[in-house]
Amino acid sequence: MDFSFMSVMWLGTPLWLWASFFALVIAILSFDLGILHKENKEINVAESVKLSAFYIALGLSFGGFVWWYLGAESGLAYMTGFVVEKTLALDNVFVIALIFSFFAVPRIYQHRVLFWGILGVIVLRAIMIGVGATLVAEFSWVLYIFAAFLVFTGIKMLVMKEAEPDVSDNMLVRFMRSRFNVTEEHHGERFFVKLVNPKTGKMTWFITPLFMALVMVEVADVIFAVDSVPAIFAITTDPFIVYTSNIFAILGLRALYFALAAMIHRFRYLKPALAVVLIFIGSKIFVADLLGLEKFPAALSLGVTFAIIAMGVVWSLVKTREDQQPA
């Protein structure tokens with residue numbers, strides 16, 4: 001069989017490299033669902049930390065491969081994107097925790113929601129990144145709009161006090177409850193269940209709170225992608241680096257969720273650090289133009305990004321520990 005077509009370039013990267021990446025992702029998800037979590041069970045903090053370390057190691061290892069095969073600049077861009085996307089994913093944990101709490105999703109079924117949520121993310125991010133890559137390739141000035149949006153978003157995060165989202169008042173939740181048959185109670189791990197409709201007396205399909213939670217998790221990712229996709233394009237315009245760093249950062253979100261959900265309050269000052277990162281990533285495009293540089297140095301970009309996030313994490317842990325100590 002002739003496999004020469006695999007060497008064809010697609011979006012600037014050989015087709016075999018794209019195919020290998022997707023094969024790796026499918027293998028990881030199959031191993032996760034088919035072996036590690038074949039049966040529904042609660043994931044404790046210790047298991048969550050181990051799985052998170054495993055996924056982070058996978059993401060960094062892939063970054064090492066990118067560095068070796070595509071060069072140092074691509075490797076640095078991947079690592080910067082991975083760090084930024086991983087940090088942005090942490091911000092998503094708080095919203096997911098609110099969603100699970102509102103729909104009273106038992107811990108034993110939360111992994112199932114997050115797993116199917118990840119599959120949706122893989123598809124949705126591919127569409128959003130594909131559109132973004134097309135726009136940047138056709139209209140280079142779009143990159144400056146992305147950069148300005150990041151600076152605006154970062155400043156907004158710094159100066160505006162963020163209110164806790166009210167899931168009960170969410171327009172999508174109200175829409176689903178008004179247009180579909182919805183059960184008030186959970187039915188195990190099922191997203192849909194056939195029950196007697198009290199209005200008609202006939203057997204009718206109902207959607208369960210578990211499915212509503214899944215929809216809300218997917219919508220939350222789309223909202224967060226509005227920040228994360230421009231952020232990664234401000235780091236690199238290579239679609240392969242953009243997409244792979246996104247997906248590897250998100251793949252471990254399920255595992256990381258169970259470790260962070262119980263201690264999200266310890267990262268109180270991570271959001272301001274993330275805001276500064278967004279401002280830095282957005283502004284460096286304009287700074288490079290002012291200095292007459294073709295690109296902002298990738299190594300410096302990674303170093304500054306990592307330093308800001310690290311300071312945010314350390315400061316959060318120190319300050320929250322002090323707040324917990326008795327006076």
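Computation of the quantities below employed the complete heavy-atom set of this structure, encompassing side-chain atoms and omitting hydrogens, waters and symmetry-equivalent molecules. What you see is a predicted model, and the numbers here were worked out from it, not measured in a lab.
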_Check: Y78 ring centroid to W67 ring centroid under 6.0 Å_ = no
*Compute the ring centroids of F211 and F192, then answer whether they are less than 6.0 Å apart.*
yes
Would the distance check show the side chain of [X] and the main-chain N or O of [Y] forming a donor-acceptor pair, the cut-off being under 3.5 Å?
X    : Y    : value
R125 : N246 : no
S101 : A97  : no
K284 : A234 : yes

Which atom names give the shortest non-hydrogen contact between [X] and [Y], and what distance separates them?
X    : Y    : value
G312 : A273 : CA-CB, 3.7 Å
V151 : G282 : CG2-C, 3.8 Å
E218 : W116 : OE2-O, 3.4 Å
G81  : I232 : CA-CD1, 3.2 Å
P209 : T183 : CD-OG1, 3.3 Å
I241 : V66  : CD1-CG1, 3.5 Å

4.5 Å side-chain heavy-atom contact, [X] and [Y]:
X    : Y    : answer
T208 : E185 : no
F65  : L17  : yes
K86  : I56  : yes
V105 : L210 : yes
I99  : V113 : no
L195 : H187 : yes
L58  : L251 : no
T153 : L150 : no

Value rounded to 0.5 Å, distance of [atom1] in [X] from [atom2] in [Y]:
X    : Y    : atom1 : atom2 : result
Y55  : L60  : OH    : CG    : 14.5 Å
L214 : F103 : CG    : CZ    : 10.5 Å
T305 : I281 : OG1   : CD1   : 4.5 Å
L278 : I155 : CG    : CD1   : 11.0 Å
I207 : R179 : CD1   : CZ    : 13.0 Å
F100 : M216 : CZ    : CE    : 12.0 Å

Relative to each other, are the rings of [X] and [Y] parallel, tilted or perpendicular (30° and 60° limits)?
X    : Y    : result
W18  : F240 : perpendicular
F22  : Y243 : tilted
F233 : F146 : tilted

*Sole candidate of V182, V196, N181 that passes side chain to side chain contact (heavy atoms under 4.5 Å, CB included) when paired with F206*: N181
_Heavy atoms of other groups near E73 CD, more than 12 under 6.0 Å_ = no
*Assess whether atom OH of Y144 is packed by more than 12 heavy atoms of other residues, nucleotides or ligands within 6.0 Å.*
no
*Run the ring pair (Phe, Tyr, Trp, His ring centres under 6.0 Å) check on F248 and F21 step by step: do they pass?*
CA-CA 10 Å; F248 268 111; F21 167 71; 5.8 Å; yes
*asked:* Membership question, hydrophobic clusters at under 4.5 Å side-chain separation (ILVMFWY): are M311 and L302 in the same one?
replied: no
